[in-house]
Trainee: 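Please find one structure pasted underneath; my questions will follow.
Quantities reported herein were computed from a predicted structural model and do not represent experimental measurements. Numbers restart at 1 for each chain; the letters A, B, ... are given by sequence-line order, proteins then strands.
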2 protein chains.
Amino acid sequence: MTPDATHDPALTSWVASAQAPGCDFPIQNLPHGVFSTAGGAPRGGVAIGDMILDVGAALRLGLLRGEAAEAAAAPSLNGLMALGRAAGLRRQVSALLATHSPAEAHAAALLVPMAEARMHLPTTVANFSDFMASIDHCARLGVRRDPKNPLPQAFRHLPVAYHSRASSVRVSGEAVVRPHGQWPREDGSVRFSPSEAMDFELELAVWIAGENALGTPVTMEQAPGRIFGVGLLNDWSARDIQRWEMPPLGPFLAKSLSTTVSPWVVTMEALAPFARPAPAIEPPPLPHLDSGWNRAHGALGIRMQALIVTPRMRAEGAAPAVLTDTDFAHLYWTCAQMVAHHGSNGCNLLPGDLLGSGTASGPEDSARACLAEILLTGPVTLPNGETRNYLLDGDEVIFRARAEAPGATPIGFGECRAEIAPAIAWPA
Amino acid sequence: MTPDATHDPALTSWVASAQAPGCDFPIQNLPHGVFSTAGGAPRGGVAIGDMILDVGAALRLGLLRGEAAEAAAAPSLNGLMALGRAAGLRRQVSALLATHSPAEAHAAALLVPMAEARMHLPTTVANFSDFMASIDHCARLGVRRDPKNPLPQAFRHLPVAYHSRASSVRVSGEAVVRPHGQWPREDGSVRFSPSEAMDFELELAVWIAGENALGTPVTMEQAPGRIFGVGLLNDWSARDIQRWEMPPLGPFLAKSLSTTVSPWVVTMEALAPFARPAPAIEPPPLPHLDSGWNRAHGALGIRMQALIVTPRMRAEGAAPAVLTDTDFAHLYWTCAQMVAHHGSNGCNLLPGDLLGSGTASGPEDSARACLAEILLTGPVTLPNGETRNYLLDGDEVIFRARAEAPGATPIGFGECRAEIAPAIAWPA
């Protein structure tokens, strides 16, 4: 994962929008996704500027070749991720889209404007596991449980995680219906009604490459090769339901109501320039969660933001308001450590499986990456004077992120967004 | 779900072994499964006596017909479960296999001896959720945490559950590799090594029929129709790993090491004669977890046993020794309540999804359905004088179950069995 010619900041694309200032998808990025256009079936694409390269069409014209390109053209990317990391395909796509590519005229006809495309889930998610890798998130919320020992007992020894729900993972843009649930009220009665504490959690989505047989663990040496790429993930949480149901088996209905992911999978190849040393932790990780590679390159510098648009802001034409401004590099555990921990018992991780990093909070107050943390200091006041505790119907939460590093072309992630839809009328 | 002619104790089959005393699969049962024979692909079958009816072969001869039969012939039963409950197909198969069936001669040629078949997972398990519905299990194990309040805070208000791991669900017969994991030792050091506390949990497997769209809850009126059938499930648990990793997000690697299910899905139609009133609970269930049907028919009388064969017993040719003898009717929450709770937040349950009931312990000491409970009173002494704390390598755990009720032909579940294989040598 050493930066190469595909990362050269001097590299440009014949797709003009890829050079636009602040563009998420310059030629140094080239994330994979699944899209469709009116009347068409879902198929694989690569983002470039404000366009999508139709991978299958490029294959048919002979502009791309090989089994990775064939898998990247499919209606879900599980097959691509089954092949492992995608460095070779990246080099092909980069050459095709680079300025002075001899194939520009042919390839230009295969571009689909993002504005005309509908995005789909990148994979058929067979398994979704969610971690809790931010020490700032845990420490802030743990104080309520035990001021002297706010961290979970194992937090400094392993990346704490739980199995979450695969069937309710949805792609950016699909509304989230406010769930019904039960919890105790101040008078001690336990009642069932729509949640009154809808929250977001700003996380990184980690997409798994390759497969290990059940019973065969994943080592730290193997872990980097088991991460195809990353995106953004909103681990929607109904806090009232969660606090009641959680002891001792963990969150259940508070999380399975819906999980939103961004449609573009930014490959680990694209992120090579943004690798950083893993944080030094105490106690040091046990050998099965440690490696020289991880110490040198395990962390990722990715600036992540959560924004909100309320119905009134929408009516006023106001810009989204920033709720959270954090960096993924704050996390205590790295993605490689999450994967190695997950596989350390021999659990089989499948291609296209999804991991959530957990709420990516940082130490600053501005880096609190969910409302449960933000509200510890009182309600949020938005630029138009509105206030918020938990989310109200019609509120839309938007995640954005950019990887930045000295000497590298910044790359973005696109958006992960969804609006809270009102609870249904309970069936009579 | 009223018993009909297919449940008549006077009904017999032309398959002689179906009438053998103690047979799990008389004509009143007719469970569905997926099997293969040497060199053949997996395909759907129905158990009768010690034989399997090849459903696809019966379709091709015109002995069965319709979309349910076609779905029941497939290499996984997700399609059958997508059609909902299978009452119509049951009547067809019952007529075909009944004594004096005019098609006996043709159908007899389509029977495959179980002894020559390999069984497969009944469905492609997209989601697996595990409940904790036994008050006896919770109360016994909770005493260690809090002697005055041994039950989880929400236990009497909802069936507590967690999302578990789908990828590591395996069919009866596949060995379970002892997992590596980390936990603190008496000297305070946290180390990583093979688990020293391998346990079984005797549970019912609940297989989901039909599908609700994300955001559309499952009501108690719909819940019985969302259960295709049941089997046996061993929720293998590494207790040392579990105690360390569990707070606050629940069990993770302690469970994802492997889960074993029995291959035959006993339909809710077959279980009609064994329905019982749900237990009266206090406080009474909230309306969304209550129904007249559930109060009258929600519980199931199923005697369930866990047995062990140690390597020494195997060498001595000893019969399996009973560790647990319990009844599913002891459970505090019914299967319909589990399904309605799971869907109450709008979580979409998919056809072929798997629920575990949680350890099906009862109030008697003999009805403790996992070693963690049994060992509360000291090590187990087996009939040959061997003792056990947690499971040792080579130990095989076998689950068996029978539904019995006055005036009904008893039906069985076949076996759910697996042996503990030694931990691997950790990769250098």
Trainee: Go through B:His341, B:Glu245, B:Met246 and name the one with the most non-hydrogen pairs under 4.5 angstrom from chain A.
Mentor: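 Top count of heavy-atom pairs under 4.5 Å with chain A: B:His341.
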
Trainee: Below 4.5 Å, heavy atoms only, C-beta onward: do A:Pro217 and B:Trp426 meet side chain to side chain?
Mentor: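 Of all side-chain heavy-atom pairs linking B:Trp426 with A:Pro217, at least one is under 4.5 Å.
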
Trainee: Given heavy-atom pairs under 4.5 angstrom as the criterion, report whether the side chain, backbone, both or neither of A:Pro427 touches chain B.
Mentor: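 Looking at A:Pro427, just its side chain touches chain B.
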
Trainee: Please flag which part of B:Ile424 lies under 4.5 Å from any non-hydrogen atom of chain A: side chain, backbone, both or neither.
Mentor: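 Just the side chain, heavy atoms under 4.5 Å.
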
Trainee: Between A:Leu158, A:Val160, A:Thr124, A:Leu350, which residue shows the highest count of heavy-atom pairs closer than 4.5 Å to chain B?
Mentor: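 So the answer, after comparing A:Leu158, A:Val160, A:Thr124, A:Leu350, is A:Leu158.
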
Trainee: Could you grab the distance from atom CG of B:Asn348 to atom OG of A:Ser167, nearest 0.5 Å is fine?
Mentor: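 The distance works out to 3.5 Å.
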
Trainee: Ignoring hydrogens, what is the shortest heavy-atom contact between B:His288 and A:Gln182? Give both atom names and the distance.
Mentor: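 Distance-wise, the nearest heavy atoms are CE1-NE2, 3.7 Å.
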
Trainee: Taking side chain as everything from C-beta outward and backbone as N, CA, C, O, which of these in B:Arg243 sits under 4.5 Å from a heavy atom of chain A? Side chain, backbone, both or neither.
Mentor: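 B:Arg243 touches chain A through backbone heavy atoms alone.
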
Trainee: Out of A:Ala421, A:Cys138, A:Ser258, A:Ala161, return the one with the most heavy atom pairs under 4.5 angstrom to chain B.
Mentor: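 Going by pairs under 4.5 Å, I would pick A:Ala161.
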
Trainee: Under 4.5 Å from any heavy atom of chain A, what part of B:Ala126 do you find: side chain, backbone, both or neither?
Mentor: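 Just the backbone, heavy atoms under 4.5 Å.
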
Trainee: Any side-chain to backbone donor/acceptor pair from B:Asn345 onto A:Pro179? Under 3.5 Å, distance only.
Mentor: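 Not a single qualifying donor-acceptor pair exists.
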
Trainee: Give the member of A:Gly215, A:Ala254, A:Pro248 that has the highest number of heavy-atom pairs under 4.5 Å with chain B.
Mentor: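 Going by pairs under 4.5 Å, I would pick A:Pro248.
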
Trainee: Hey, which of B:Ser164, B:Gly343, B:Ala423 has the most heavy atom pairs under 4.5 Å with chain A?
Mentor: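 When all of B:Ser164, B:Gly343, B:Ala423 are compared, B:Ser164 has the most.
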
Trainee: Is chain A contacted by the side chain of B:Leu349, its backbone, both, or neither, given a heavy-atom distance below 4.5 Å?
Mentor: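 Both backbone and side chain of B:Leu349 come within 4.5 Å of chain A.
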
Trainee: Would you compute the distance between atom CG of B:Asp130 and atom CZ of A:Phe252 and round it to the nearest 0.5 angstrom?
Mentor: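 The distance works out to 9.5 Å.
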
Trainee: Looking only at heavy atoms and a cut-off of under 4.5 Å, which of A:Pro152, A:Ser344, A:Pro247 has the most pairs with chain B?
Mentor: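 Highest number of pairs under 4.5 Å: A:Ser344.
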
Trainee: Using heavy-atom distances under 4.5 Å, tell me whether B:Trp183 contacts chain A through its side chain, its backbone, both, or neither.
Mentor: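 No part of B:Trp183 comes within 4.5 Å of chain A.
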
Trainee: At a 4.5 Å cut-off on heavy atoms, which part of B:Leu286 comes close to chain A: side chain, backbone, both, or neither?
Mentor: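 The side chain, not the backbone.
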
Trainee: What residue in A:His157, A:Gln153, A:Arg165 has the most heavy-atom pairs under 4.5 Å with chain B?
Mentor: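 Of the options given, most contacts go to A:Arg165.
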
Trainee: Under 4.5 Å, counting heavy-atom pairs only, tell me which of A:Arg178, A:Met132, A:Arg191 racks up the most with chain B.
Mentor: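 Counting heavy-atom pairs under 4.5 Å, the top option is A:Met132.
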
Trainee: Got A:His163 and B:Ser256 here, is their nearest side-chain heavy-atom distance under 4.5 Å?
Mentor: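 They are in contact (side-chain heavy atoms under 4.5 Å apart), so the answer is yes.
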
Trainee: Specify which of B:Leu257, B:Val125, B:Asn127, B:Val176 makes the most heavy-atom pairs with chain A at under 4.5 Å.
Mentor: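 The candidate making the most pairs under 4.5 Å is B:Asn127.
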
Trainee: For A:Ser168 and B:Leu214, work out which heavy atoms get closest and say how close.
Mentor: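 Shortest heavy-atom contact: CB-CD1, 3.6 Å.
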
